[in-house]
Amino acid sequence: MDQGGCSVLSENLWKEALKLFAGGVNSPVRAAVKPYPFYVDRSEGAFLYTVDGKRLIDYVLGYGPLFLGHRHPYVEKKIIEQVQKGWLYGTPSPVEIKLAEKIIRHLPSAQKIRFVNSGTEATMLALRLARGYTGREKILKFNGNYHGAHDYGLVEAGSAATEFNVSTSNGIPLSIRNTVEICEYNDLSCVEKTLKKEDIAGVIVEPVMGNMGLILPEKDFLKGLRELTKSYNSLLIFDEVITGFRLGLSGAQGYFGINPDLTTLGKIIGGGLPIGAVAGRAEIIDLLTPSGKVFNAGTFNANPLSMAAGLATIEVLEREKVYDTAKEATKAFSEELSILLERKGITFTLNRIESMFQVFFGVKKVTNATEAKQADKNTYFKMHQRMLEGGVFIPPSQFEVIFSSGAHNSSVVNTTIEVTRKVINEL
Ligand SMILES: Cc1ncc(COP(=O)(O)O)c(C=O)c1O
Ligand SMILES: N[C@H](C=O)CCC(=O)O
């Protein structure tokens, strides 16, 4: 078997892909794996099995959704049962009620919800709702926060937009660009100044920043956002596409004890199938068509398959010890990495919360996007490549997060640690 998960089969597929897709892929971060991405044949638990016959321990997990690991048997069973009953009706199905009730029961600020098909759609809709509710045009977002691939989100965006040096995308009308105000994450004084100066419909924030590597909110940042938005009559929107059901059943808002007006969700609530949602105060969600005049519609909204997979996932989260296992895996992996790096005298910062972490080389702290961009990306990429050669898949980009799941048991973590020791010794 060749190095890095790749060999001739992946290489041949890649050659075909380059003829078919821009840059060979359908979502840019996938092309950050070099010299070309490995192609996956199948997956199970904590593992990906490549077409080249290699088994990889997966700490990417579909960039977050697969919190139970791949193909959790209960989720698989529920998806198959739903397939056998049909997967699109063009009319409501009971499973959407069950998933909505579960989410609303767990998420402290949610009274009503609208299901859409991606995190991108969810944040786009939340921003439209904020404008519809307040009658104001502008929004405030944070440098390096990523809210998906729509015009309002792609201003100073993190994730692949930063990785591929297009933090602000070409093709965004200036009239839209001018409605987006930017502050640095963790900078409350900028937020206050902007709210004072401009009529801001809503402040959208990743309560834990998971698209610039991992960056944590400083003490009182989220509380400050809540107080400031209240006093300037703007809506506070938590983008919990990553943190929802990952930091706990009640998401980041439960974890930090702060209730936003609107919450956007995706990833885990679809159990690995496409999904997005906007949840929040009933009087705001009720502005949506058909009860209100803020339009949203979708052929695939609340599609039964995503609903069934999401419902099954939350049922498992309620009854199995997924949070403990995933947190323990992240703790053990990241603590060992810290010890190894300290021993080698390498300067680094490691940010961690629950089942998420990221390491930044050459910097002593990372509290915002500007600091994250100063990290030594080359060393991070080298670590990613060496880990891959050793059979461990961590994100190829500095601006993503290393996720664990309920499938990352102690045996998986011990293997990860063995590989990490070898990699850091040779780094
Ligand atoms: C915080 C956050 N918001 C929104 C999105 C967009 O979600 P999607 O990729 O499902 O459109 C993502 C990830 O892509 C995300 O991490
Ligand atoms: N960081 C992104 C979402 O969280 C990764 C997903 C992608 O860009 O394909």
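In each ligand, atom 1 is the first atom listed, and ligand 1 is the first ligand listed.
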Asker: Verify the distance criterion only: is there a donor paired with an acceptor across the side chains of N296 and R114 at less than 3.5 Å?
Answerer: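 Distance-only check passes for N296 and R114.
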Asker: For atom 8 (P) of ligand 1, tell me which residue out of G266, G119, G148, G276 has the closest non-hydrogen atom.
Answerer: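 Selected option, by shortest heavy-atom distance: G119.
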Asker: Kindly indicate whether the side chain of L249, heavy atoms from C-beta on, has any atom under 4.5 Å from the side chain of Y323.
Answerer: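 Heavy-atom side-chain distance check passes, below 4.5 Å.
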Asker: Mark up the atoms of ligand 1 that fall under 4.0 Å of a heavy atom belonging to I242, in ascending order.
Answerer: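 Close to I242: 16 (O).
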Asker: If we set the cut-off at 4.0 Å for heavy atoms, which region of N211 has an atom near ligand 1: side chain, backbone, both, or neither?
Answerer: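 Only the side chain of N211 comes within reach of ligand 1.
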Asker: Can S189 and D187 be counted as having a side-chain donor-acceptor contact under 3.5 angstrom?
Answerer: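 The criterion, which ignores hydrogens and geometry beyond distance, is satisfied for D187 and S189.
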Asker: Taking 4.0 angstrom as the limit and counting only heavy atoms of K267, give me the atoms of ligand 2 inside it, by number and element.
Answerer: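 Matching atoms, with element in brackets: 3 (C), 4 (O).
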Asker: Measure the distance from atom 2 (C) of ligand 2 to every protein heavy atom, then report the residue, atom name and distance (to 0.1 Å) of the closest one.
Answerer: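 Protein heavy atom with the smallest distance to atom 2 (C) of ligand 2: S159 OG, 3.3 Å.
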Asker: Check each atom of ligand 1 against the heavy atoms of S118 and keep those under 4.0 Å away; list them by number with element.
Answerer: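 Every atom of ligand 1 under 4.0 Å from some heavy atom of S118: 10 (O), 11 (O).
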Asker: Give the numbers and elements of all ligand 2 atoms closer than 4.0 Å to a heavy atom of S27.
Answerer: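 Here the atoms of ligand 2 in question are 7 (C), 8 (O), 9 (O).
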Asker: Which residue is it: F403, F357, F333? I am looking for the one with a ring pair (Phe, Tyr, Trp, His ring centres under 6.0 Å) to Y59.
Answerer: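 It is F333, the one option of F403, F357, F333 that forms the ring pair (Phe, Tyr, Trp, His ring centres under 6.0 Å) with Y59.
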Asker: With a cut-off of 4.0 Å, which atoms of ligand 1 are near a heavy atom of D239?
Answerer: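 Going through ligand 1 atom by atom, the ones under 4.0 Å from D239 are 1 (C), 2 (C), 3 (N), 4 (C).
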Asker: Which residue owns the protein heavy atom closest to atom 2 (C) of ligand 1, what's the atom, and how far is it?
Answerer: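 Atom 2 (C) of ligand 1 sits closest to the protein heavy atom Y146 O, 3.2 Å.
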Asker: Scan T370, V205, T367 and name whichever one has a side-chain contact (heavy atoms from CB on, under 4.5 Å) with Y185.
Answerer: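 Looking at T370, V205, T367, the match for Y185 under the side-chain contact (heavy atoms from CB on, under 4.5 Å) is V205.
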Asker: If the cut-off is 4.0 Å to any non-hydrogen atom of T120, which atoms of ligand 1 fall inside it?
Answerer: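 That gives atoms 6 (C), 7 (O), 8 (P), 11 (O) of ligand 1.
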Asker: Under 4.5 Å between any side-chain heavy atoms of V392 and T420, yes or no?
Answerer: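 Not in contact.
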Asker: Specify side chain, backbone, both or neither for R30, according to which of its non-hydrogen atoms lie closer than 4.0 Å to ligand 2.
Answerer: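 For R30, no heavy atom sits under 4.0 Å from ligand 2.
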Asker: Do the numbers put R42 on top of the ring of F47, so that NZ or CZ is under 6.0 Å from the six-membered ring centre and no more than 45° off the axis?
Answerer: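 Not satisfied by the 6.0 Å and 45° rule.
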Asker: Would you tell me which option among V205, V241, V401 has the nearest heavy-atom contact to atom 5 (C) of ligand 1?
Answerer: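 Considering heavy atoms of V205, V241, V401, the nearest to atom 5 (C) of ligand 1 sits in V241.
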Asker: Could you check whether E163 and Q398, counting side-chain N and O atoms only, form a donor-acceptor pair closer than 3.5 Å?
Answerer: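 Short answer, no.
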Asker: For residues D261 and S109, determine if any side-chain heavy atom of one lies less than 4.5 Å from a side-chain heavy atom of the other.
Answerer: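 Side chain of D261 against side chain of S109, heavy atoms only: no contact under 4.5 Å found.
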Asker: Which atoms of ligand 2 sit under 4.0 Å from any heavy atom of E400?
Answerer: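 Answer, ordered by atom number: 1 (N), 2 (C), 5 (C).
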Asker: Is there side-chain contact between L61 and H408, with heavy atoms separated by less than 4.5 Å?
Answerer: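 In contact.
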Asker: Could you list which atoms of ligand 2 come closer than 4.0 Å to a heavy atom of N211?
Answerer: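 Those atoms are 1 (N), 2 (C), 3 (C), 4 (O).
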Asker: Provide the number and element of each atom of ligand 1 under 4.0 Å from a heavy atom of E206.
Answerer: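 Answer for ligand 1: 1 (C).
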Asker: Could you list the atoms of ligand 1 found under 4.0 angstrom from a heavy atom of K267?
Answerer: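 By the 4.0 Å cutoff, the relevant atoms are 13 (C), 14 (O), 16 (O).
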